[in-house]
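First comes the structure, then the notes that go with it.
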Amino acid sequence: MNIFRLAGDMTHLASVLVLLLKIHTIKSCAGISLKTQELYALVFATRYLDLFTDYISLYNTLMKLIFLVSSFSIVWYIRHHKIVRRSYDKDQDTFRHYFLVLPCFLLALVINEKFTVKEIMWTFSLYLEAVAILPQLVLLQRTRNIDNLTGQYVFLLGAYRSLYILNWIYRYFTEPHYVHWITWISGLVQTLLYADFFYYYFQSWKNNVKLELPA
Amino acid sequence: METFLYHDEL
């Protein structure tokens with residue numbers, strides 16, 4: 001464990017907590033893409049298959065449980081909670097995210113480190129996570145007014161993967177044989193997808209104006 | 001062991 005990875009995990013945890021806080025306290029999911037939340041629940045479900053088979057550390061198991069429970073409960077809130085579901089704007093959240101699942105799965109079948117079920121599901125979760133934010137970014141472009149919590153949520157989600165890139169660089173230089181192109185490239189693609197959001201988020205913060213994404 | 005170590009990240 002290095003500081004970059006710990007910071008990355010804490011930032012990721014913060015993004016999930018910000019979202020849960022928003023949904024639970026103000027009972028609203030305005031501006032949040034259910035499709036991105038469903039994709040993230042699938043990412044965690046396919047990535048943490050080894051939750052009960054490989055014990056790495058208490059921290060690792062605990063964080064996996066937190067991410068699994070939080071992502072599925074967010075999906076439940078938006079789908080079924082009698083008040084929250086009313087604020088879900090399904091007419092705007094129209095990204096056909098199922099079109100993301102199949103290509104990622106096919107790619108995982110072709111490009112992976114080992115042709116086993118667990119490894120293919122793990123690789124699938126990496127590719128899927130890289131594109132999972134797309135429905136949310138599309139929704140942000142459509143709903144002009146991005147409230148603070150939603151903006152912070154997306155920012156933290158992008159920041160966590162950026163910190164992971166620093167973690168991979170650190171591990172590459174400090175650990176022999178630590179070379180994982182699949183993880184690095186999908187992590188890089190994921191972070192690049194946030195690039196323009198980061199730019200506008202930083203501009204709004206610097207000029208102290210409301211976050212607006214160009215149509 | 002290498003595979004086991006490989007998935008030590010979240």
task: List the atom of A/Y164, the atom of B/L10, and the distance in Å for their closest heavy-atom pair.
output: OH-N, 3.3 Å
- request: Only one of A/R47, A/E119, A/K118 passes side chain to side chain contact (heavy atoms under 4.5 Å, CB included) with B/H7; say which it is.
  value: A/E119
Within a reach of under 6.0 Å around [atom1] of [X], are more than 12 heavy atoms found that belong to other residues, nucleotides or ligands?
| X | atom1 | answer |
| --- | --- | --- |
| A/Y59 | OH | yes |
| A/W76 | CH2 | yes |
| A/F198 | CZ | yes |

message: Under a 3.5 Å threshold, yes or no: a donor from one side chain and an acceptor from the other, between A/N60 and B/E9?
response: no
statement: Applying a strict 4.5 Å limit to non-hydrogen atoms, the region of A/Y48 in contact with chain B is side chain
